[in-house]
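Numbered from 1 within each chain, the chains take letters A, B, ... in sequence-line order. None of the values given here were measured: they were computed from a predicted structure. What's counted below: heavy atoms across the whole structure, side chains too, no hydrogens, waters or symmetry copies.
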Amino acid sequence: MKLTEPQIQDLYAFTRQHFVEHYDLQTELVDHLANDIEEQWQNQPKLSFEDAKNKAFKKFGIFGFMDAIEQKQKAMNKRYRGYLWNELKKWFELPQIIGTIALFLMFYVAFSSKYTAILTMVFYVIISGWCIYKGTQLNRQFRRRKEISNKKWLLEELIFKQASGTSLIFISQMYNVFTIPDKFEINTLFLLLFSLAFTVLTLVNYISLKVIPSKAEKLLNETYPEFSL
Amino acid sequence: MSNSKLYKGSLTTIILKLLNEHDKMYGYEITQKVKELTKGELKITEGALYPALHKLEAEGLLDVEVAKVDNRLRKYYKLTETGTKETVNKLEELAEYIKTMQALVNPKLA
């Protein structure tokens with residue numbers, strides 16, 4: 001005996017009730033439960049759908065789907081970081097490295113001038129202002145995508161929502177930005193490191209808020225074969 | 001299987017070995033295959049299987065494929081090139097472990 005379409009939908013609802021938010025993991029677990037139920041029906045054809053479902057779920061142990069959810073989250077974060085890293089590496093290869101060096105020099109010259117404090121502030125405001133603007137825009141885009149598809153994908157959420165997380169790191173360094181420039185006169189190494197940090201943070205923000213979201217469809221299709229199904 | 005702790009460390013090796021022999025498999029199929037091969041002696045729990053599969057996927061050892069079967073979607077796992085190489089390493093490690101245990105438990109055989 002095979003499961004009917006409404007029963008499959010019931011299983012999707014069941015995974016949602018057990019805190020599986022994302023469609024890819026839901027799909028995998030629904031197939032697993034369905035297989036288990038069908039197997040049970042081979043031996044006990046009279047067993048009700050509800051009983052068979054609960055029996056199948058019990059096999060996941062007391063934590064239910066929790067371990068699977070957690071591991072999936074970890075795995076997807078790792079994948080996202082991988083994408084970020086791959087894009088960042090490109091900025092240290094030709095031809096982009098020219099832009100990276102120019103950016104670095106700009107920060108270096110600016111921070112070593114006598115207007116350090118003001119220029120730091122200006123850069124800081126421009127970068128964080130842009131990050132907030134992009135972050136809000138992506139969030140809005142994500143909501144619109146949800147309205148259309150009604151399915152949630154973990155990687156999609158990372159691309160559109162968590163992207164602003166990196167910029168938060170930048171924005172949260174407010175205090176340091178105001179105090180660090182005072183130390184530049186005494187230490188060139190410090191100045192170099194500070195310029196490098198600004199360069200890398202600018203790149204990371206640009207990649208996570210602009211480059212990766214623009215490649216979202218490609219990355220989602222690569223990650224989820226069922227994305228376009 | 002009452003003492004599943006003994007098998008725990010070998011779960012990934014078991015998964016890799018099965019996929020090495022079967023081209024592509026889905027989660028439920030893996031649990032059933034292990035049950036069948038060990039005549040019910042070893043049951044991979046669902047709670048441990050999926051986390052292990054997702055970890056291997058994140059490490060780049062497994063690749064996924066999705067197909068529509070009956071009225072639902074099924075996710076298949078298969079080894080990547082790195083996965084195939086890693087399988088050889090893992091199996092060697094396991095063989096080495098079995099040999100060591102053998103020497104400890106039954107010195108006459110070793």
Side-chain angles (χ1 to χ4, degrees), chain A residues 1-9 11-12 20 22-39 55-82 151 154-155 221-229, chain B residues 1-2 4-5 7-8 11-12 15-16 18-19 22-36 40 42-80 82-83 86:
Chain A
M1 198 159 60
K2 294 278 174 199
L3 265 77
T4 62
E5 186 57 41
Q7 283 168 334
I8 295 290
Q9 290 315 315
L11 289 179
Y12 269 105
V20 186
H22 300 100
Y23 184 71
D24 51 317
L25 188 55
Q26 284 173 3
T27 300
E28 186 164 39
L29 294 171
V30 164
D31 183 47
H32 186 99
L33 294 171
N35 285 322
D36 197 316
I37 294 169
E38 286 172 356
E39 172 97 13
K55 262 185 161 172
F57 179 58
K58 273 211 182 107
K59 294 183 191 162
F60 278 83
I62 44 166
F63 296 115
F65 301 141
M66 281 313 183
D67 287 339
I69 297 172
E70 204 179 302
Q71 192 58 51
K72 188 82 197 178
Q73 193 98 35
K74 265 195 220 157
M76 209 44 86
N77 276 326
K78 192 171 174 185
R79 190 183 273 257
Y80 180 76
R81 279 199 304 273
K151 286 172 193 157
L154 187 49
L155 183 64
N221 271 311
E222 238 175 63
T223 310
Y224 304 116
E226 67 270 45
F227 188 70
S228 47
L229 281 181
Chain B
M1 170 68 211
S2 51
S4 59
K5 266 189 208 156
Y7 287 105
K8 220 175 168 186
L11 181 57
T12 47
I15 294 173
L16 291 173
L18 282 177
L19 287 171
H22 288 90
D23 186 35
K24 60 177 187 181
M25 290 177 99
Y26 53 98
Y28 187 76
E29 191 183 9
I30 294 175
T31 60
Q32 294 307 298
K33 197 82 202 164
V34 171
K35 216 159 102 183
E36 182 194 313
L42 172 60
K43 278 185 200 138
I44 294 188
T45 58
E46 283 72 359
L49 174 71
Y50 288 101
L53 283 171
H54 299 152
K55 191 157 179 270
L56 289 170
E57 191 194 340
E59 284 166 359
L61 301 184
L62 302 186
D63 210 357
V64 291
E65 222 172 71
V66 171
K68 201 165 165 70
V69 180
D70 296 332
N71 45 10
R72 55 186 185 254
L73 294 175
R74 179 160 295 162
K75 194 167 170 188
Y76 289 96
Y77 291 89
K78 57 182 187 183
L79 289 179
T80 59
T82 340
E86 187 59 24

Contacting moiety of A/K59, where chain B heavy atoms sit under 4.5 Å: both
B/E46 and A/D36, any side-chain heavy atoms less than 4.5 Å apart: yes
Most chain A-contacting option - heavy-atom pairs closer than 4.5 Å, from B/R72, B/K75, B/K55: B/R72
From OH (B/Y26) to CD (A/E28), nearest 0.5 Å: 12.5 Å
Under the side-chain contact (heavy atoms from CB on, under 4.5 Å) test, residues paired with B/T12 that sit two or more places apart: B/L56, B/K90
Top of A/G82, A/A68, A/G61 for chain B proximity - count of heavy-atom pairs under 4.5 angstrom: A/A68
side-chain contact (heavy atoms from CB on, under 4.5 Å) partners of B/T45, counting only residues at least two apart: B/A48
Electrostatic pair A/E39-B/K35, nearest N-O below 4.0 angstrom: no
Residue pair A/T4 / B/N71: nearest heavy atoms and the distance that separates them: C-ND2, 3.5 Å
Proximity breakdown for B/E59 and chain A, heavy-atom pairs closer than 4.5 Å: both
Student check: side-chain heavy atoms of A/F65 and B/Y50 closer than 4.5 Å: no
Separation between CG of A/D31 and CZ of B/R74, rounded to the nearest 0.5 Å: 4.0 Å
For chain A, the option from B/P51, B/A58, B/G60 that forms the most heavy-atom pairs under 4.5 Å: B/P51
Atom pair CG (B/L73) and CG (A/D24), whose distance is rounded to the nearest 0.5 Å: 11.5 Å
Interatomic spacing from CD in B/E57 to NZ in A/K72 - rounded to 0.5 Å: 5.0 Å
Euclidean distance, A/D67 CG relative to B/H54 NE2, rounded to 0.5 Å: 11.5 Å
Segment of A/E222 engaging chain B (4.5 angstrom heavy-atom cut-off): neither
Toward chain B, the part of A/L25 with a non-hydrogen atom under 4.5 Å: side chain
Which of A/Q71, A/K74, A/H32, A/M66 touches chain B most, by non-hydrogen pairs under 4.5 Å: A/H32
